[in-house]
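Worksheet: the structure to be examined is printed underneath.
Both ligands and their constituent atoms are indexed starting at 1 by order of listing. The structure displayed is predicted, hence computed values, not measured ones.
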Amino acid sequence: MTPAQSRLIDAVRTALGPKAVLTDPADIEPWLHDWRGRYHGTTPAILAPDSRDGVAAIVALASDHGVAIVPQGGNTGMVGGATPPADGSALILSLRRLNHIRSLSPADNLVIAEAGVILADLHAAALAQGRRFPLTLGARGSATIGGLVSTNAGGTQVLRFGTMRALVAGVEAVLPDGSIHDGLAALKKDNRGYDLDQLLIGAEGTLGVITAATLRLVPAIAARAVAWVGVASPEVALNLLRRLEAATQAVESFEIIPADSLNLVLHHIPGTRAPLDGNHPWHVLIEAVATDQAAEPPAALLERLLAPALADGLAADAVIAASEAQAEAFWRLRDSISEAERGAGPAVQHDISVPVATMPRFMIEAAAASEAAFPGTHASAFGHLGDGNVHFHVRAPIGIDPARWYAEDAPRVTRFVNDLVVASGGSISAEHGIGQMKLGELERLSSPARMATLRAIKRALDPHGLFNPGKLVTLAPTPATP
Ligand code: FAD
C-alpha cells in the first residue's frame, strides 16, 4: 500500500465510518477477478459508501490524495472494466451499498434507482407496480444499474426497446473533482448544449461515478410466448425475423444459436435438454408478448405466424413453450451459453456488430476464414441477430496449453476477427464496452479523430487519470499490441 493510499483510507474511515472501508483480504479477494477469469488485479482496500454524498466525499478525498479508483458494481462485465490494475495502484470503489429505489411512478412510467440496485430487483419492484423495465440479460441476478448505465448494456430486448441509452431518462453522478451532476429530472426537451447524461452512459467509470439513474418503464406484460425454431442458416433466420416484423410488433427477442453452442450447453449445464428432436444447424429463440388482455394471445400469434414458415420451409421445425416453466427452460439454454463455454476450455470472445443485413453472411464467412487462418480452432457466433450483434467466439485447438493460447494465439485471432469486422463496416464492441480487453484494438482500429476526441474529453474531466485507469481510453496513446 502506498503512503497516499494509506492516508486516503484513514480519511475515508474518519469521514464515513468503518463500514465504508474493507481491508480484510478475504472480503476483497472475490472482487479482484473478472467474471470470465481472464483478468486479475490487486488492491489494498475496497471503499464502500452507502450514499451519494458518501461517494462525493470519497471522490474528493481520492482527488486530494492523488489516488486512483476503480468503480465497481456487480462485477459481471465482460471486458475487465471493473478489475483493478494488477500492481495495486488503485482502490476499488464499490457501489453495491447504494441499493435503494428512490421512487417509482407507474403514472409517469419512471423509476429512480441508485447505482447498486441489482437488475433483477428492479424488475421485481417494477412488476409489483404493474410495470416492467424492458432490459434483461443473463447476469440480471448480479449486474447493477450503475454498471448497466456505465457499459450502455444491451441484452435480449434491444430489438424493441433499444440499449440503456434509450432507457435512461436522467443520470446523477459524482464527477472526478467531487462535484455532483444532478441530471435525474426526466425532461422531454432539454437543449442546454452538450448532453452530460449521454456522455456518462457508456463511459465505463472513466469520467465519474454514476450514483443513480432515472429509467423508463413500460406496462407489465399480460402474457408472453417463447418459441424455439430450427432453421437452416442465419440468412433464413433473418428472413424469418423480417417476416415476423412485417406482421406484428409483438416480437421482443430474436436470438440465434448455432447447434455447436446448444450442444455445449446441453453438455455442461445440468438439467438442460434440447427443445426439438432432430439435428438443426441453427436455432432461433423468439419471444412475443402482449401487454393488453384483449390482444391476440402471443402463443396463438406465434402459432399463426410460424405455421406458414414451417409450410414453406423457412422454419425446419418449431415448438412453442407450453408453460411458463418451459419458457424459462428455453431461455436458460440461451442464457447459459457463456457459462457453458467457460467449461469448454480456452476461447477468445468478440462482442461485435455489423449492419443487420450483412450479419448472416458475416457469421458464415468470418467463421470459415478464422478457422482456415488458425487451424484446429473452432469459430461460431450466437446472439442478437436482429440487432446486428453477435458474440463471435473462437475456441482454442483441443489440448493446447491455455497460457500459451491466451498469450500468443488469442491476440492474433482477435486482430484477424476485428479486421474482418471493420472491413464489414462494423464495431469491435457492440454492447460490452472496451474495458482493458479492447483498449489496444480500439486504438489500432479507430480514426485519429475519434481517439483525439475521446482523449480530449478524458483529459478535460479527469486530467490526472485517476478514474478507472487503463480502461477505455488512456491519457497517452496505448502502444499497439505485438
Ligand atoms: P461491473 O462489471 O461492476 O462494471 C462494468 C463497468 O462499469 C466497469 O468499467 C466499471 O468500472 C463501471 N461501473 C460499474 N458501476 C459503475 C458506477 N456506478 N459508476 C461508474 N462506473 C461504473 N452485457 C450486455 O450488454 N448484454 C448481454 O446480453 C449481457 N449478457 C451477459 C451474460 C452474462 C452471463 C454475464 C456474466 C454478463 C453479461 N453481460 C451482458 C455483461 C454485463 O452483465 C454488463 O456489462 C453489465 O452492465 C455489467 O454490470 P455490473 O454491475 O456487473 O458492472
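- Atoms of ligand 1 lying under 4.0 Å from at least one heavy atom of L137, given by number and element, are 23 (N), 24 (C), 26 (N), 27 (C), 28 (O), 29 (C), 30 (N), 40 (C), 43 (O).
- A salt bridge links R455 and E443; the closest N-O separation between the charged side-chain nitrogens and carboxylate oxygens is under 4.0 Å.
- Within the structure, the salt bridge (Lys or Arg N to Asp or Glu O under 4.0 Å) test picks out the following pairs touching residues 346-364 (sequence neighbours left out): R361-E365.
- Closest heavy-atom approach to atom 24 (C) of ligand 1 within the set R36, E431, H391, K471: this belongs to E431.
- Interface of V209 with ligand 1, defined as ligand atoms under 4.0 Å from a residue heavy atom, comprises 19 (N), 20 (C).
- For the ligand labelled ligand 1, residue G208 lies inside the 4.0 Å heavy-atom shell.
- Below 4.0 Å from some heavy atom of H432 lie the following atoms of ligand 1, by number and element: 23 (N), 24 (C), 40 (C).
- In this comparison of A212, A139, S338, the heavy atom closest to atom 33 (C) of ligand 1 sits on A139.
- Electrostatic pairing of E287 and R334 does not count as a salt bridge here, judged by no charged N lying under 4.0 Å from a carboxylate O.
- Every atom of ligand 1 is numbered from 1 in the order shown, and the set under 4.0 Å from a heavy atom of L95 is 18 (N).
- Near A153, meaning under 4.0 Å from any of its heavy atoms, are these atoms of ligand 1: 25 (O), 47 (O).
- Closest heavy-atom approach to atom 51 (O) of ligand 1 within the set T144, I118, L207, T83: this belongs to T144.
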